[in-house]
Q: 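Have a look at this one.
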Number of protein chains: 2
Amino acid sequence: MKESTTKKLLKERKLRITTVRNEILSIFNDRNYALSFYDLEKELKTKFDTATIYRTINTFVENNIIHQIPLESKTAYYALNSVLEEDENSRKEHIHFLCRICRRTYCLENVIIKDLKINKNFRLESLKIIAEGVCDNCGAIS
Amino acid sequence: MKESTTKKLLKERKLRITTVRNEILSIFNDRNYALSFYDLEKELKTKFDTATIYRTINTFVENNIIHQIPLESKTAYYALNSVLEEDENSRKEHIHFLCRICRRTYCLENVIIKDLKINKNFRLESLKIIAEGVCDNCGAIS
DNA sequence: TTTTATTTTGCAAGTAACTTGCAAATATAA
DNA sequence: TTATATTTGCAAGTTACTTGCAAAATAAAA
């Protein structure tokens, strides 16, 4: 991701432009799958402190730049919000697809869910879907 | 839950029948929503050690008696498997419904999902769905 | 552009949520 | 009812974060 793009994004949220923030945003933007703290640490090992990376992740979540993905793993995973999700009031639902081969988690937009009939007397307001299977990349290899 | 029922369940899995196991199973059976370690601890505080409760939870997950529910919270939540889920080969998908008022998580069976169109080249094998909204109980009160 | 105010960072220490090792207690098998 | 195997309690350990505080970096004001 171009530095000018990350800077613009930070400025919009009235967040100070710093090196960690630029670099973490850039890493998120270069992947099309979700990242954990350890994924980020791998790339930023020597440059920044553990606490700084955690604090940056938290700042990004609070400012609607990334979202946490509910998986059964102990460590939290995060992915960039799509443009549609940036406005909290019009958050678009999407599917998280976990590949059982590479263990990567992708955000899939444009998945159509029709006719979800939930038990009566339960009022449905939003949905989070975790799909499991084989991703396009792993499917092509095998 | 009757003690004879919990004993039968444990015997089927070739697990030794112990007091913690009976009591934890019984607590799960008395609720229709998911429980965390802290929910269990509240009831079993004085009787059993922390490590014992955690070990019992893990034993139950390994033996397909309960399942972990993927939520964004830091602490794991667990619920009893339904009879249909007991056989690992015919695990039935169901929805987890998180009530935004009481924060309880219910397993809803019999939810019909039609026509989920996922991106091509992603091979879908299973689905986990976390619904949010208002449960029957909280809906009735308000 | 320099000064001032505010926020962010690094380091070390702290906390929450579990897990493990080991000897004693308990459950099942012989 | 003794022998074998598993489970439990206690204490210590680990993992995944979080917090306090002084120093450094960023942005706003002059």
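Not measured: the values here are computed from a predicted model. Worth knowing before you read on, the calculation uses all heavy atoms, side chains too, and leaves out hydrogens, waters and symmetry mates. Here is the naming used below: chain letters follow the sequence lines, and residue numbers restart at 1 for every chain.
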Q: Heavy atoms only, 4.0 Å cut-off, all strands: where does B:Lys14 land among base, sugar-phosphate and nothing?
A: nothing
Q: When you match A:Phe48 and B:Asn58 each to their closest nucleotide on DNA chain C, which lands nearer the 5' end?
A: A:Phe48
Q: Could you give the angle between the helix axes at the two ends of the helix from C:dT1-D:dA30 to C:dA30-D:dT1, with five pairs per end, rounded to 10 degrees?
A: 30°
Q: Are the side chain of B:Asp30 and the backbone of B:Ile27 linked by a donor-acceptor contact shorter than 3.5 Å?
A: no
Q: Do any pairs count as a ring pair (Phe, Tyr, Trp, His ring centres under 6.0 Å) and have a residue in residues 16-37 of chain B, sequence neighbours left out, and if so which ones?
A: B:Phe37-B:Tyr54
Q: Going by an N to O cut-off under 4.0 Å, is there a salt bridge joining A:Arg55 and A:Glu62?
A: no
Q: May I have the distance from A:Arg13 (atom CZ) to C:dT8 (atom C1'), rounded to whole angstrom?
A: 19 Å
Q: Looking at residues at least two apart in the chain, or sitting in another chain, which of them share a side chain to side chain donor-acceptor pair (under 3.5 Å) with A:Arg100?
A: B:Glu125
Q: Once you round it to whole Å, what is the distance between P of D:dA16 and CD of B:Glu72?
A: 18 Å
Q: Using a cutoff of under 3.5 Å, can you pull out all pairs of nitrogen or oxygen atoms linking the protein to nucleotides 13-17 of chain C, with atom names and distances?
A:
| from | atom 1 | to | atom 2 | distance (Å) |
| --- | --- | --- | --- | --- |
| C:dA17 | OP2 | B:Tyr38 | OH | 2.9 |

Q: Using whole Å, report how far CZ of B:Phe60 lies from C1' of D:dT7.
A: 12 Å
Q: Checking A:Lys7 against A:Glu12 for the salt bridge (Lys or Arg N to Asp or Glu O under 4.0 Å) test, could you report, in this order, the C-alpha distance in whole Å, the side-chain angles of both residues, the deciding distance, and whether it holds?
A: CA-CA 9 Å; A:Lys7 282 187 183 170; A:Glu12 278 168 16; over 6 Å; no
Q: Check side chain to side chain donor-acceptor pair (under 3.5 Å) between A:Thr52 and all other residues, then give those that pass, not counting sequence neighbours.
A: none
Q: When you measure from the side chain of A:Asn63 to the backbone N and O of A:Ile65, does any donor-acceptor pair fall under 3.5 Å?
A: no
Q: Return the value, rounded to whole Å, for the distance between atom CG of B:Leu40 and atom P of C:dC18.
A: 11 Å
Q: If you compare all heavy atoms of B:Leu124 against all heavy atoms of A:Ala131, which two are closest, and at what distance to 0.1 Å?
A: CD1-CB, 3.4 Å
Q: In whole Å, I'd like the distance from the CG atom of A:Asn22 to the C1' atom of C:dT8.
A: 14 Å
Q: Using atom CD1 of A:Ile24 as one end and atom P of C:dT8 as the other, report the distance to the nearest whole Å.
A: 13 Å
Q: Measure CD/A:Glu23 against C1'/C:dT8 and give the value in whole Å, please.
A: 15 Å
Q: Would you confirm whether B:Arg21, through its side chain, and B:Arg16, through its main-chain N or O, come within 3.5 Å as a donor-acceptor pair?
A: yes
Q: Does the protein touch nucleotides 20-30 of chain C at the base, only the backbone, or not at all? Give it as B, S and - per nucleotide, heavy atoms under 4.0 Å.
A: BB-----BS--
Q: Does this structure show an ion pair linking A:Lys47 with A:Glu41, if we count only N-O contacts that are shorter than 4.0 Å?
A: no
Q: Do B:Asn29 and B:Ser26 have a side chain donor and acceptor closer than 3.5 Å?
A: no
